[in-house]
Amino acid sequence: MILDWLERRRLVRKGLACDKTRLCHSEDNIQGRMEGSWTVRLLILGFFIVLLHLGVAWGSVGDNRVQQILAFIVFVSGLMLLELDCPEVWRSNSRLLLVLGATWFNLVMVKDLFLFWSVHYPTHMTLLYFLSPYTFAPFLITLLLGTRAGLFTVIQVSMLASLLNQQNFTFLLVSLLSGFTAVYFTQNIRKRVDLLKAGVAVGCLNLLCAIVLGIVVGRNWEDLGWQALSGIGAGILTAMVVSAILPLVEGAFQITTTISWIELADLNHPLLQQMTMEAPGTYHHSLLVANIAESGAKAIGLDATACRVMAYFHDVGKIIKPEYFTENIPPGANPHENLSPSMSALIIIAHVKEGIDLAIKYGLKKQILDAIQQHHGDSVVTYFHERALQQQRDAREGGKIMNMREEDVPDVSENSFRYPGPRPQTKEIALLSIADSVEAASRSLEKPTAQRIEDLVHEIVEHKIADHQLDECHLTLNEIRAASEAMAVTVKNMMHTRIAYAKKDKSSASTVVQPTKRSSSTGSSASAAA
């Protein structure tokens with residue numbers, strides 16, 4: 001690496017190279033190895049076990065070996081559950097660290113509050129059952145990693161917290177109920193205010209628990225009132241704290257929640273506004289792709305909002321040279337007619353790298369950068385590749401007349417017409433890839449009947465499967481079928497028949513109404529390639 005840098009500096013000084021480098025988005029090999037390394041995973045687990053041991057010993061009086069053994073058994077049993085029910089979390093060291101870190105932080109808050117309360121308010125220990133922030137980790141993990149990971153944190157926090165606080169069954173019961181309520185009301189949150197509503201729901205559950213326990217134990221109404229207020233306040237306060245730190249955790253662990261996706265779906269983003277001015281055809285294309293991809297995502301239960309946002313930005317690189325992409329080319333003006341096929345393909349392929357440049361410059365999320373980089377996979381720019389092959393055949397035929405040898409005509413390298421890849425790595429990006437091709441191809445349908453649209457979608461999906469573009473995205477054949485059917489329905493609705501407005505005949509002044517179909521631009525050959 002150092003020798004390469006020195007060589008580059010030497011060439012720059014001689015004027016043979018440029019000192020500027022292109023912004024690039026690539027996975028760090030070291031980070032990738034650490035993400036799945038068993039050594040790192042064992043270090044994380046060992047560190048958490050040490051912290052758990054210290055947590056049990058901290059503030060305890062007498063022999064606490066039984067507590068430590070029980071805590072170890074609970075922790076190991078929880079890891080088995082995590083591997084079985086959340087394998088994607090177990091295989092990712094960063095996500096495992098997030099789950100265990102949130103669990104440990106939650107336990108620290110509960111333990112600190114318990115020690116403080118037992119010293120200053122020993123006669124009001126029952127109030128602690130409703131003041132403790134049991135739901136911090138369930139709230140945070142459910143928002144970031146989903147319901148199953150959230151349920152894991154509920155069980156771990158509840159059982160370990162009860163062990164750390166004198167094996168209190170009431171403590172365990174209230175913690176479990178509060179945690180399950182938090183996960184239930186957090187699973188479909190789309191706005192930050194919904195998180196406060198989930199906090200209110202947890203508070204209401206605590207209120208109900210306070211009433212039931214107060215009746216069973218025989219508390220007076222004053223104690224019951226304080227317990228109810230404590231439960232409601234703790235639920236709302238925990239939700240507010242989670243809402244405040246959520247952006248920081250998202251950035252640190254490179255996770256995008258549904259809340260953030262909805263915020264990113266704002267069409268007033270500077271890049272999208274620039275696209276409306278400089279590449280209006282691409283902007284319209286992106287909106288249509290977003291509708292198609294969203295319908296496919298909904299059909300198989302994926303994050304539809306994430307697919308929509310990725311579609312908004314997937315072709316943002318076309319802003320740099322918009323006039324070379326068919327959706328922005330006015331009728332009768334095709335700049336590719338004056339270019340060689342290899343140069344045209346180079347311009348078309350470059351929009352991926354240009355898009356990554358712009359995405360990094362504007363600080364877009366990693367998932368959006370991945371969508372820009374992967375939505376074409378390593379597919380071939382078919383039209384210009386075929387055009388180059390045709391020119392090669394013509395040159396060889398002409399060479400026979402001129403008594404030239406076939407080897408004197410240079411071969412056409414398919415790699416020169418391939419996108420750099422990689423292929424789509426997630427289901428969402430795979431659906432975006434299909435939707436992008438479907439929308440571009442649908443422009444060339446002269447008579448877009450329902451059957452032709454269905455055949456078009458089916459043909460595109462079959463081509464991507466045969467070209468191995470969907471091999472690495474983990475989509476099943478059943479999911480591909482369901483998503484493609486939903487996409488076909490969306491395209492039909494986009495291209496439905498319309499009725500023309502009434503027009504006056506100048507000669508007879510009579511009004512004639514004629515049915516017409518949505519105009520469908522027959523894309524130039526460059527559009528299929530782009």
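Everything numeric here is computed off the predicted structure, so don't read it as measured data. Computed from heavy atoms alone, side chains included, the values below leave out hydrogens, waters and symmetry copies.
Partner of His269 under the ring-ring contact (aromatic ring centres under 6.0 Å, His included) criterion, chosen from Tyr283, Tyr312, Phe313: Phe313.
Side-chain contact between Thr282 and Ile319 is absent, with no heavy atoms from C-beta onward closer than 4.5 Å. In this structure the side chain of Phe185 never reaches within 4.5 angstrom of the side chain of Val200, judged on heavy atoms. Residues Pro420 and Ile349 form a side-chain contact, since some pair of their non-hydrogen atoms from C-beta on lies under 4.5 Å apart. Side-chain contact check for Asn268 versus Leu272: every heavy-atom pair is 4.5 Å or farther apart. Looking at Ile434 and Val438, their side chains come closer than 4.5 Å, going by heavy atoms from C-beta outward. Contact annotation: the side chain of Val491 never approaches that of Leu288 to less than 4.5 Å [non-hydrogen atoms, C-beta and beyond]. Contact of the Gln68 side chain with the Leu52 side chain is not registered, since no non-hydrogen atoms from C-beta on lie closer than 4.5 Å. Looking only at side-chain heavy atoms (C-beta outward), Leu271 and Leu364 come within less than 4.5 Å of each other.
Remark: Tyr362 OH is packed, more than 12 non-hydrogen atoms of other residues, nucleotides or ligands lying under 6.0 Å away. Atom CG of Leu84 sits in a crowded spot, with more than 12 heavy atoms from other residues, nucleotides or ligands closer than 6.0 Å. Heavy-atom contacts from other residues, nucleotides or ligands closer than 6.0 Å to CZ of Arg192 number more than 12. Within a 6.0 Å sphere centred on CZ of Phe253, other residues, nucleotides and ligands contribute more than 12 heavy atoms. By the neighbour-count criterion of 12 heavy atoms within 6.0 Å, atom CE of Met109 is densely surrounded, having more than that number from other residues, nucleotides or ligands.
Taking the ring centre of Trp261 as origin, the terminal cationic atom of Arg308 falls outside the region bounded by 6.0 Å and 45° from the ring axis.
In this structure, the side chain of Glu479 engages the main chain of Thr476 through a donor-acceptor pair within 3.5 Å. Between the side chain of Gln273 and the backbone N or O of Leu267, at least one donor-acceptor pair lies under 3.5 Å. Using a distance-only test at 3.5 Å, with no hydrogens or angles considered, no donor-acceptor pair links the side chain of Asp315 to the main chain of Lys318. Not a single donor-acceptor pair under 3.5 Å links the side chain of Asp378 to the backbone N or O of Gly421. Between the Asp436 side chain and the His375 main chain, no donor and acceptor come within less than 3.5 Å of each other. No side-chain donor-acceptor contact under 3.5 Å links Ser132 to the backbone of Tyr134. Judged purely by atom type and a 3.5 angstrom limit, Gln425 uses its side chain to pair as donor or acceptor with the backbone of Arg423. With hydrogens and angles ignored, the 3.5 Å screen pairs a side-chain donor or acceptor of Asn106 with a backbone N or O of Ala137. Between the Thr181 side chain and the Leu177 main chain, a donor and an acceptor come within less than 3.5 Å of each other. A donor-acceptor pair under 3.5 Å is absent between the side-chain atoms of Glu439 and the main chain of Ile292, judged by distance alone.
Nearest heavy-atom pair across Thr238 and Pro133 is OG1-CB, 3.8 Å. Contact between Val89 and Ala149 at its shortest, heavy atoms only, is CG2-CB, 4.4 Å. Here the closest non-hydrogen pair linking Leu431 and Gly296 is CD1-C, 3.8 Å. Nearest heavy atoms, Thr186 versus Leu195: CG2-CD1, 4.5 Å. What you find for Gly150 and Thr153 is that their closest heavy atoms are O-OG1, 2.6 Å. The minimum heavy-atom distance between Arg41 and Arg91, with the atom names listed, is NH2-O, 3.0 Å.
To the nearest 0.5 Å, atoms CG (Asp85) and CG (Leu151) are separated by 8.0 Å. Of the inter-residue distances, the one linking Leu51 atom CG with Leu100 atom CG reads 10.0 Å to the nearest 0.5 angstrom. With rounding to the nearest 0.5 Å, the separation of CZ in Arg481 from CG in Leu475 is 13.0 Å. We find the CD1-OG distance between Ile189 and Ser243 to be 9.0 Å, quoted to the nearest 0.5 Å. The structure places OG1 of Thr256 at 9.0 Å from CD of Gln254, a figure rounded to the nearest 0.5 Å. Here Phe417 contributes atom CZ and Ser379 contributes atom OG; the two are 13.5 Å apart, rounded to the nearest 0.5 Å.
Under the 4.0 Å criterion applied to side-chain N and carboxylate O atoms, Glu263 and Lys191 are not assigned as salt-bridge partners. The pair Lys464-Asp467 fails the salt-bridge criterion, with no side-chain N (NZ, NE, NH1 or NH2) lying under 4.0 Å from an Asp/Glu carboxylate O. Ionic pairing of Lys366 and Asp370 is present here: one or more N-O contacts between side-chain nitrogen and carboxylate oxygen are shorter than 4.0 angstrom. The pair Glu327-Arg443 does not meet the salt-bridge criterion, since no charged nitrogen lies less than 4.0 angstrom from a carboxylate oxygen. The existence of a salt bridge linking Arg95 and Glu88 is excluded, since no basic side-chain nitrogen approaches an acidic carboxylate oxygen closer than 4.0 Å.
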Check against side chain to side chain contact (heavy atoms under 4.5 Å, CB included), Leu205 and Phe180: CA-CA 10 Å; Leu205 186 279; Phe180 289 146; over 6 Å; no
Full working for side chain to side chain donor-acceptor pair (under 3.5 Å) between Ser94 and Glu35: CA-CA 6 Å; Ser94 62; Glu35 185 71 8; 2.8 Å; yes
Take Asp194 and Lys197 through the salt bridge (charged side-chain N to carboxylate O under 4.0 Å, His left out) test and state the conclusion after the steps. CA-CA 5 Å; Asp194 292 337; Lys197 294 178 182 178; 3.8 Å; yes
Using side chain to side chain contact (heavy atoms under 4.5 Å, CB included), reason through Val289 and Ser286 one step at a time and then give a plain yes or no. CA-CA 5 Å; Val289 172; Ser286 299; 5.6 Å; no
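The aromatic rings of His314 and His285 are tilted relative to each other, their planes meeting at an angle between 30° and 60°.
A donor-acceptor pair shorter than 3.5 Å cannot be found between the side chains of Thr103 and Gln156. At a cut-off of 3.5 Å, with distance as the only test, no side-chain donor of Gln187 or Thr142 sits close to an acceptor on the other residue. Ser178 and Asn206 are linked by a side-chain donor-acceptor pair at a separation below 3.5 angstrom, with hydrogens and angles left out of the test. Side-chain contact of Gln469 with Ser433: a donor-acceptor pair under 3.5 Å is absent, judged by distance alone.
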